[in-house]
Amino acid sequence: MSIEEVSRVRGLGVEVDVLVSPRSGRSGIEGVDGWRKRLIVKVRSPPLEGKANKEAEEILSKATGFRSSVISGHTSRQKTIFVEGDPAEILSKLREHSE
């Protein structure tokens with residue numbers, strides 16, 4: 001499954017469907033879950049007071065070089081994160097990190 005199957009170009013950015021795994025031993029992008037059709041993002045933070053959301057945003061920002069923010073699923077493990085910037089560059093960088 002490719003990054004294009006878990007993301008959508010929207011205006012000046014990309015919406016990415018993610019599955020956040022809080023309290024992990026390490027943080028980072030772990031690939032694509034083909035069954036859930038989501039990018040797996042592991043975070044060390046607990047799912048309390050938005051800490052896991054903040055870390056997931058930081059991981060995608062660091063991976064792409066663009067600002068990112070959770071736009072849906074704030075209290076769920078399944079979220080949608082919007083990455084603001086050049087869609088082609090964002091998808092290229094996410095593809096590198098998810099394979």
Side-chain angles (χ1 to χ4, degrees):
M1 176 163 279
S2 69
I3 194 67
E4 287 81 9
E5 294 177 81
V6 299
S7 61
R8 294 162 302 288
V9 174
R10 294 281 190 248
L12 297 175
V14 177
E15 289 180 359
V16 184
D17 296 325
V18 300
L19 176 66
V20 175
S21 181
R23 292 190 173 121
S24 294
R26 61 189 182 98
S27 59
I29 297 172
E30 290 292 314
V32 176
D33 182 327
W35 186 72
R36 289 186 178 94
K37 294 187 178 164
R38 295 193 173 264
L39 183 69
I40 301 168
V41 178
K42 293 193 173 191
V43 297
R44 292 182 183 185
S45 301
L48 302 170
E49 301 168 359
K51 292 178 183 177
N53 289 345
K54 179 86 170 145
E55 188 176 347
E57 292 170 346
E58 290 170 359
I59 289 168
L60 285 184
S61 291
K62 185 176 178 182
T64 62
F66 294 100
R67 196 184 93 173
S68 65
S69 57
V70 174
I71 59 172
S72 70
H74 291 86
T75 60
S76 171
R77 293 181 64 186
Q78 295 186 18
K79 305 178 183 305
T80 300
I81 297 179
F82 183 74
V83 184
E84 187 178 328
D86 177 38
E89 193 173 340
I90 292 167
L91 291 172
S92 174
K93 290 182 178 185
L94 287 175
R95 198 175 300 112
E96 290 173 16
H97 285 86
S98 65
E99 294 176 348

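Bear in mind the structure is a predicted one, so any value in this text is a computation, not a measurement.
The heavy-atom pair separating A56 from V43 by the smallest distance is N-CG1, 3.8 Å. Of all heavy-atom pairs spanning A63 and H97, the tightest one is O-CE1, 3.4 Å. When all heavy atoms are compared, the tightest approach of P87 to V14 is CA-CG2, 3.7 Å.
Under a 3.5 Å cut-off, the side chain of E57 and the backbone N or O of V70 do form a donor-acceptor pair. In this structure, E55 contributes its side chain and R44 its backbone to a donor-acceptor pair below 3.5 Å.
Atom CZ of R38 sits about 11.5 Å away from atom CZ of R77, to the nearest 0.5 Å. Rounding to the nearest 0.5 angstrom, the gap separating the CD1 atom in I71 from the OG1 atom in T80 is 5.5 Å. Rounding to the nearest 0.5 Å places CG of L39 at 13.5 Å from NZ of K79. Here the OG atom belonging to S76 is positioned 8.5 Å from the CG atom belonging to L19, to the nearest 0.5 angstrom. Rounding to the nearest 0.5 Å gives a distance of 8.0 Å between OG of S45 and CD of E58. The NZ atom of K37 lies 12.5 Å from the CD atom of Q78; values are rounded to the nearest 0.5 Å.
Connection of I59 to V18 is established within a shared hydrophobic cluster, with ILVMFWY side chains joined at heavy-atom distances below 4.5 Å, either directly or through further cluster members.
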Would you be so kind as to tabulate the donor-acceptor pairs closer than 3.5 Å made by side chains of residues 6-13, with sequence neighbours excluded?
{"from": "S7", "atom 1": "OG", "to": "I3", "atom 2": "O", "distance (Å)": "2.8"}
{"from": "R8", "atom 1": "NE", "to": "E15", "atom 2": "OE1", "distance (Å)": "3.3"}
{"from": "R8", "atom 1": "NH1", "to": "D17", "atom 2": "OD2", "distance (Å)": "2.9"}
{"from": "R8", "atom 1": "NH2", "to": "E15", "atom 2": "OE1", "distance (Å)": "3.2"}
{"from": "R8", "atom 1": "NH2", "to": "D17", "atom 2": "OD1", "distance (Å)": "3.1"}

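By the 4.0 Å N-to-carboxylate-O rule, E89 lies close enough to K93 to be salt-bridged with it.
Between V16 and I90 the shortest side-chain heavy-atom distance does not fall below 4.5 Å. Using a 4.5 Å heavy-atom threshold, the side chains of L60 and I29 count as touching.
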